[in-house]
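Working notes, beginning with the structure itself.
Only a predicted model underlies this, so the values are computations on that prediction, with no experimental measurement involved. In listed order, ligands and their atoms are each counted from 1.
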Amino acid sequence: MFSGKNKQPETAEIQLDPDRIPEHVAIIMDGNGRWAKKRHLPRVAGHKQGMETVKTIAKAASRMGVKVLTLYAFSTENWKRPQDEVKYIMKLPVTFFNTFMPELIEENVRVKVMGYLDDLPAQTLKAAQDAMKDTEQNTGMILNFALNYGSRAEIVTAAQKLAQQAVDGNIQPDEIDDHLFADNLMTAFLGDLADPDLLIRTSGEERISNFLLWQIAYSEMVFVDDLWPDFSTETLRKAIATYQNRDRRFGGI
Ligand SMILES: CCc1cc(N2CCCCCC2)n2ncc(-c3ccc(F)cc3)c2n1
């Protein structure tokens, strides 16, 4: 739309139903390397810009009323990448908190980090632990980073924990149901919010890539072409509008 003498295009902000904001949004942040390649930049430039997008989207989601935002930051498979790239990526949590913690506190955001954290470099783990500690009193949106996370490993770990409880005589096999299994997953701390209402993947890829396989059983999925560094508040609003226009059935008719 054009209006007035300025002839500036007006882009009407996507209107969302405030009563149907997805409580838990999960995002596979894909396309960072391609973003850099398109600009003839090193891949790490895409990761750096991708971290800035995390800041923008975390604030936007918090202000829209999202209760949990889970971001797939590093998978158990990502260790196969070139070592210089992995080394750079592993410093991003330190940079993130050094530059963004005041805004997270101001937004009343609580940081959680889930994954196989013992395998992370010491400085990465410390940054994550400090951020979780420094924001544990916050009562607003939970910003949940999946770091060195893999869903199949998470499911196998839960099965091993339950098998050990059975061997120890603390549970009977027929006591194991959906709820008890979910209580042994890394998302257990989210309680009733553990399962994403909306899963977004960027960069046009339409794969799940071993992310929250148990938890997304009934999630709506929205795949957008934007590369993660280009993902904007408007793109998030459009994805949530798409979600709101769907009629979720949870297996029913
Ligand atoms: C360690 C892997 C990684 C990669 C990464 N990228 C690179 C690839 C994905 C796109 C976003 C930028 N980011 N961006 C923020 C974090 C972050 C993680 C935990 C935390 F507590 C605070 C911040 C991050 N972590």
Side-chain angles (χ1 to χ4, degrees), residues 25-39 41-62 68-105 107 109-136 138 141-150 186-187 189 199-205 207 209-212 224 226-232 235-236:
V25 176
I27 304 180
I28 301 174
M29 306 182 288
D30 199 7
N32 302 283
R34 266 171 284 168
W35 182 89
K37 187 175 181 181
K38 275 174 67 175
R39 290 159 178 77
L41 294 170
R43 285 178 54 85
V44 294
H47 298 313
K48 183 174 189 295
Q49 188 58 44
M51 182 185 70
E52 295 305 316
T53 301
V54 169
K55 297 176 182 178
T56 303
I57 298 306
K59 277 179 88 169
S62 169
V68 181
L69 177 65
T70 296
L71 301 176
Y72 203 4
F74 195 82
S75 77
T76 45
E77 291 79 25
N78 287 153
W79 295 108
K80 300 169 191 164
R81 289 184 176 179
Q83 281 312 294
D84 59 333
E85 184 177 341
V86 171
K87 190 172 178 184
Y88 179 91
I89 287 174
M90 284 296 152
K91 291 177 182 163
L92 288 174
V94 180
T95 309
F96 183 85
F97 291 124
N98 286 344
T99 57
F100 199 55
M101 185 51 82
E103 292 185 68
L104 286 172
I105 300 285
E107 280 293 316
V109 165
R110 182 174 156 212
V111 171
K112 290 292 285 186
V113 182
M114 66 178 194
Y116 292 91
L117 307 186
D118 292 347
D119 301 335
L120 295 174
Q123 64 169 4
T124 312
L125 178 58
K126 185 179 186 309
Q129 288 173 328
D130 289 352
M132 287 192 275
K133 182 173 177 299
D134 293 351
T135 61
E136 67 184 349
N138 291 351
M141 184 182 82
I142 295 173
L143 177 57
N144 180 38
F145 289 98
L147 211 42
N148 195 26
Y149 171 87
M186 293 180 185
T187 47
F189 74 93
L199 172 66
I200 298 169
R201 181 166 186 157
T202 60
S203 89
E205 300 297 343
R207 298 187 297 270
S209 300
N210 197 21
F211 186 44
L212 298 176
V224 301
D226 306 68
L227 303 177
W228 175 250
D230 293 327
F231 193 88
S232 66
T235 320
L236 177 63

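Between Val68 and Val25, every side-chain heavy-atom pair lies at or beyond the 4.5 Å cut-off. Side chains of Met114 and Thr70 form a contact here, defined as non-hydrogen atoms less than 4.5 Å apart. The shortest distance between side-chain heavy atoms of Ile28 and Arg207 does not fall below 4.5 Å. The shortest side-chain heavy-atom distance between Asn32 and Leu227 does not fall under the 4.5 Å cut-off. Residues Glu107 and Leu143 fail the side-chain proximity criterion, which asks for heavy atoms closer than 4.5 Å.
Contacts between Asn32 and ligand 1 below 4.0 angstrom, taking non-hydrogen atoms only, involve the side chain exclusively. Neither the backbone nor the side chain of Leu71 comes within contact range of ligand 1; no heavy atom lies under 4.0 Å.
Below 4.0 Å from some heavy atom of Leu92 lie the following atoms of ligand 1, by number and element: 4 (C), 5 (C), 6 (N), 7 (C). Atom numbering of ligand 1 starts at 1 in the shown order; those under 4.0 Å from a heavy atom of Gly50 are 11 (C), 12 (C). Listed by atom number, the atoms of ligand 1 under 4.0 Å from Ile89 heavy atoms are 1 (C), 2 (C), 3 (C), 4 (C). Near Phe74, with a cut-off below 4.0 Å to any heavy atom, the atoms of ligand 1 are 2 (C). Ligand-side atoms of ligand 1 in range of Val113: 21 (F), range being under 4.0 angstrom from any heavy atom.
Comparing Phe97, Phe231, Phe100 by heavy-atom distance to atom 22 (C) of ligand 1, the nearest is Phe97.
Here the heavy atom of the protein found nearest to atom 1 (C) of ligand 1 is Leu147 CD1, 3.2 Å. Considering only non-hydrogen protein atoms, atom 8 (C) of ligand 1 sits nearest to His47 ND1, 3.8 Å. Scanning the protein heavy atoms around atom 16 (C) of ligand 1, the nearest turns out to be Phe145 CE2, 4.0 Å. Protein heavy atom in closest approach to atom 24 (C) of ligand 1: Ala73 CB, 4.0 Å.
In this structure, the side chain of Asn148 engages the main chain of Tyr116 through a donor-acceptor pair within 3.5 Å.
Of the options Phe96, Phe74, Tyr72, a ring pair (Phe, Tyr, Trp, His ring centres under 6.0 Å) to Phe145 is made by Phe96 and by none of the others.
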**OP:** Using the side-chain contact (heavy atoms from CB on, under 4.5 Å) rule, take Phe211 and Tyr149 through it: C-alpha gap first, then chi angles, then the decisive distance, then the call.
**Re:** CA-CA 8 Å; Phe211 186 44; Tyr149 171 87; 3.9 Å; yes
